[in-house]
Every structure is written in structure tokens, then in C-alpha cells.
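Have a look at the structure below before the remarks.
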Amino acid sequence: MHAWLCTSLDGADALQWTELPTPEPAAGELRVAVAAASLNFPDLLIVKGQYQFKPPLPFVPGAEFAGTVEAVGEGVTHLRPGMPVAVIGGTGGFGTHACVKASQVLPLPPGFAMTDGAAFAFTYGTSHHALMDRGQLKAGETVLVLGAAGGVGSAALQIAKAAGARVIAAASSDEKCALCRELGADATLNYSTQDVRETLKALTGGKGPDVVYDPVGGALAEPVFRSIAWRGRYLVIGFAGGGIPALPWNLALLKGASVVGVFWGEFVKREPQAFAAGLGELVRWYGEGKVKPVIDAVMPMAELKAAYARMATRQVRGKLVLQHG
Ligand SMILES: NC(=O)c1ccc[n+]([C@@H]2O[C@H](COP(=O)([O-])OP(=O)(O)OC[C@H]3O[C@@H](n4cnc5c(N)ncnc54)[C@H](OP(=O)(O)O)[C@@H]3O)[C@@H](O)[C@H]2O)c1
């Protein structure tokens, strides 16, 4: 097998395409021949040692991928060689083969494209857990999605619409806002050119959004939190903008509002049944055409470093998928 190997925490440019021994699945594991993997922002952080999860070196990055079961270890009975699967791995996706625990694998139903499977469980799972579980989103409420043209952002936009919410999609350019309208956003906000507080006031009749989905952080957080509705829920997803915001707590008091943390990886481990139920709903919605990964480009796996560079410079719309062959 071959894989992009991370041998030092010096970022994506230091990854090396390396021949490795093909691993045999241990008990409870299976080996997947990887067909496609997608890039997530945490893949940028993990190769620099800046992510919550720090795998021992050397490791193969790639948290979200899909492929075909090639071999199963002892005790794995519900998955068989030849089955198409999606994997939420944490690592291993940017190679030709990976051994993963059976609990990390979702069998792909017929009609589920491999490239969609490679951009689904992690991305949509995060946004579903955030909005539906942590945010307790209800039909008719207004959701503001920041970074709405990005990976988890575009998934959040679709999920909020599927749940019957009104969506204000916010992004850094008119092109990204136009994509969000194509994806079904009811209104958009370009936070590079428009005043955030005034625009949100105008778009919500002065009430503010009920739920805010924030994978960006930084300087946007405080003006957005100041705009939130009474009993609003501000979902802390991530800090792609770089800065971890600090808020004056009186703002939460004044709005009766909540700051709600979202940590999908830990949710998957701690609450496997709730995770499976959420994923089941997402697979059903995919079948009904309510959600579908927004794939900016399918690139050859050989071009992984170029994909990393596009994500680091905010050029991705939806997801980048890397494919073998
Ligand atoms: N909490 C969890 O469980 C969980 C799970 C998955 C991901 N995450 C987090 O969610 C965030 C987004 O992940 P993703 O995979 O969706 O990434 P992504 O596709 O790159 O989207 C991130 C968005 O953030 C915005 N952004 C603002 N400043 C940026 C900068 N300096 N560099 C890059 N992007 C910037 C960009 O939108 P604009 O250009 O429109 O501003 C971009 O579209 C990350 O922080 C990630 O760690 C959290």
C-alpha cells in the first residue's frame, strides 16, 4: 500500500507519499481499500500538532473517507469483503488502504456515491449533532450559519433547511453567498463587506437569529453574539479564522442565551446510540434528496498538497474530495 505519511509536525508540505506494509485487520477491525477521501479543516491542524487529537508519529492523515471492505478481523460479522462503506477514522484516509474499527464504519446503501460517502459522516454528522442535538433547533426558527460555504457550514445550511428552519448564510465573499443561495439559503450576509449587526437586525425584524452555527470564531463572534435572539443558542464549532473569541458574560445574561459547545468526535465515542440515530436520519435525508455533499472538486490523491493549500487560503466551496486512480 501507499499513503501520505506525516513524519514530523511541519504541516502538509512535509507529507511524503510512502510505500508501507499492507496492514492486517486485528480483532474487531476491517481493512478498507480507500476509493476517495475528503479534506477537513482538522486535517490542516493535525499535521501541525494543533488539533485536540494528537496521534503518535508517524501517521497517515485523512479523517473522512469511503471505500470497499477488503478483509475483516475476528469478531466482525455484519461487514463483509466487497461492501461499500464510509469511514470516520480520525486518521488513515489519505492512503490506498486503512485498517479501522468496525464501530467507525457506516455501510453505504445502494445509490450512495463513493465521492459523497467520502464527504458525509464527519461533515454532516458534526452539523446534525450541532443543530439538532446541541442546538435543539425547531422548525420555523432562524439559524445563522457562519462560514456557510465551507465544509461543515454547507452541511449545516442543508440540515437546517431540512429541519424546516429559516437560514441566513454568512460568508466572506459575494461568490460564496451566491453558492449559499443556490443551496437554499433564505438570505445571505457577506461579513467582509456588510455590517453584521445592522444586517442581522434588518434580516430578522430586530429579533436576531435563534441559533448561530459558528465554525469560524475570531472577531466575528462578539458582534454576532450581541445580535442573537432571546433564548438564543450559540453553537461553538471551531475557529477556522484562527482566533478563539472571548465574550463578556453579561451578553449571555442579557439575552437569556446559551453558549453551547460541540465536540462531535467525543460525542461519537460517548454516545454511540445517539450518533447512530443521527446518522440514520442523515442517510434517510440523503435518499430523499434533502442533503447532498457540495463537492467543489474531485482531485487526484497525488494532488493532496494542492488541496491543503486551497483550504488554508479559504478557496474551497463545500468539500474537496481526493480520489485514487
Ligand atoms: N466541533 C467539532 O466537532 C468539529 C467537527 C468538524 C469540524 N470542526 C471545525 O469546523 C471548522 C470548519 O471546518 P471545515 O472542515 O468545514 O473547514 P472549511 O471547509 O475550510 O470551512 C471553514 C470556513 O471558515 C472560514 N474561514 C474564516 N477564516 C478562515 C481562515 N483564516 N482560513 C480558513 N477558513 C477560514 C471560510 O469561510 P469564509 O471565507 O466564508 O469566511 C471557510 O469556508 C474548523 O475550525 C474545524 O476544526 C469542528
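Whatever order the structure lists ligands and atoms in, that order sets their numbers, starting from 1. Note that the numbering runs from 1 along the sequence shown for the chain. Just so it is clear, the structure is predicted and the values come from calculations on it, not from any experiment.
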Q | Element-labelled atoms of ligand 1 that are located less than 4.0 Å from some non-hydrogen atom of Asn40 | A | 15 (O)
(Q) Polar contacts were defined as any N/O atom of the residue lying under 3.5 Å from an N/O atom of the ligand; does this apply to Thr126 and ligand 1? (A) no
Q. Does any N or O atom in Val152 lie less than 3.5 angstrom from one in ligand 1, N or O only?
A. yes
Q. Within a reach of under 6.0 Å around NZ of Lys161, are more than 12 heavy atoms found that belong to other residues, nucleotides or ligands?
A. yes
Q.
Which option wins on minimum heavy-atom distance to atom 38 (P) of ligand 1: Ser172, Ala155, Ser38?
A. Ser172
Q: Just jot down the ligand 1 atoms closer than 4.0 angstrom to any heavy atom of Pro215, in number order.
A: 10 (O), 11 (C), 12 (C), 45 (O)
Q: Answer yes if Tyr213 and Val224 sit in the same cluster of Ile, Leu, Val, Met, Phe, Trp and Tyr residues linked by side chain heavy atoms under 4.5 Å apart, and no otherwise.
A: no
Q) Given the rule that I, L, V, M, F, W and Y join up when any side-chain heavy atoms are under 4.5 Å apart, are Val298 and Leu322 in one cluster? A) no
Q: Could you say whether the N/O atoms of Met311 and ligand 1 ever approach to under 3.5 Å?
A: no
Q.
Taking 4.0 Å as the limit for heavy-atom contacts, which would you say applies to Val216 with ligand 1: side chain only, backbone only, both, or neither?
A. side chain
Q: State the atoms of ligand 1, each with its element, that fall below the 4.0 Å cut-off from a heavy-atom position in Trp264.
A: 2 (C), 3 (O)
Q) Can we say Asp13 and Lys305 salt-bridge, meaning some charged N sits less than 4.0 Å from an Asp/Glu carboxylate O? A) no
Q) To the nearest 0.1 Å, how far is atom 43 (O) of ligand 1 from its closest protein heavy atom, and which atom is that? A) Gly150 CA, 3.4 Å
Q. Does ligand 1 have any atom that is closer than 4.0 Å to a heavy atom of Tyr51?
A. no
(Q) I'd like to check which ligand 1 atoms, numbered from 1 as shown, lie under 4.0 Å from a non-hydrogen atom of Val262. (A) 1 (N), 2 (C), 3 (O)
Q) Which protein heavy atom lies closest to atom 18 (P) of ligand 1, and at what distance to 0.1 Å? A) Gly151 N, 3.9 Å
**Q.** Ile237, portion touching ligand 1 at heavy-atom distance under 4.0 Å
**A.** both
**Q.** Where ligand 1 meets Ala171 - atom numbers and elements under 4.0 angstrom, heavy-atom basis
**A.** 40 (O)
Q. Is Glu64 salt-bridged to Lys319, going by a charged N under 4.0 Å from an acidic O?
A. yes
Q.
Counting only heavy atoms closer than 4.0 Å, does ligand 1 sit against the backbone of Tyr191, its side chain, both, or neither?
A. side chain
Q: Distance to 0.1 Å, residue and atom name: give those for the protein heavy atom nearest to atom 45 (O) of ligand 1.
A: Phe239 N, 3.2 Å
Q. Is Gly242 in contact with ligand 1, taking contact as a heavy-atom separation below 4.0 Å?
A. no
Q) Going hydrophobic residue to hydrophobic residue with side-chain gaps under 4.5 angstrom, can you get from Leu157 over to Leu144? A) no
Q: Evaluate whether atom CD of Gln315 has more than 12 neighbouring non-hydrogen atoms of other residues, nucleotides or ligands under 6.0 angstrom away.
A: yes
Q: Measure the distance from atom 37 (O) of ligand 1 to every protein heavy atom, then report the residue, atom name and distance (to 0.1 Å) of the closest one.
A: Lys176 NZ, 3.7 Å
Q) If you measure every N/O of Pro42 against every N/O of ligand 1, is any gap under 3.5 Å? A) no
Q: Looking only at protein heavy atoms, identify the closest one to atom 6 (C) of ligand 1 and say how far it is in Å.
A: Phe122 CE2, 3.4 Å
Q) In the protein, what heavy atom is nearest to atom 13 (O) of ligand 1, and what distance, to one decimal place, separates them? A) Phe41 CB, 3.3 Å
Q: Go through ligand 1 atom by atom and flag the ones less than 4.0 Å from a non-hydrogen atom of Phe263.
A: 3 (O)
Q: Check whether the ring centres of Tyr286 and Tyr124 lie less than 6.0 Å apart, and answer yes or no.
A: no
(Q) Using the rule that Ile, Leu, Val, Met, Phe, Trp and Tyr join whenever any side-chain heavy atoms are under 4.5 Å apart, tell me whether Trp17 and Met299 fall into a single cluster. (A) yes
**Q.** Within-4.5 Å side-chain heavy-atom neighbours: Leu30 and Val100
**A.** yes
Q | Identity and separation of the nearest protein heavy atom to atom 34 (N) of ligand 1 | A | Arg314 CG, 3.4 Å
Q) Tell me, which protein residue and heavy-atom name are nearest atom 29 (C) of ligand 1, and how many Å apart are they? A) Ala240 O, 3.3 Å
Q | Contacting atoms of ligand 1, where contact means under 4.0 angstrom from a heavy atom of Gly238 | A | 45 (O)
Q) For Tyr308 and Val47, what are the C-alpha separation, side-chain angles and deciding distance, and is it a side-chain contact (heavy atoms from CB on, under 4.5 Å)? A) CA-CA 11 Å; Tyr308 264 95; Val47 296; 3.8 Å; yes
(Q) Yes or no: does Phe267 have any heavy atom under 4.0 Å from an atom of ligand 1? (A) no
(Q) Parallel, tilted or perpendicular, judged at 30° and 60°: which one describes the rings of Trp264 and Phe275? (A) perpendicular
Q. Salt bridge (Lys or Arg N to Asp or Glu O under 4.0 Å) between Glu141 and Arg233: does it pass, once the steps are laid out?
A. CA-CA 11 Å; Glu141 287 190 316; Arg233 288 87 77 201; 2.7 Å; yes
Q) Hey, any chance Val262 and Met132 share a hydrophobic cluster, counting ILVMFWY side chains that come within less than 4.5 Å of each other, even indirectly? A) yes
Q. Just checking, is any N or O donor in the side chain of Thr18 or Gln16 under 3.5 Å from an acceptor N or O on the other one?
A. no
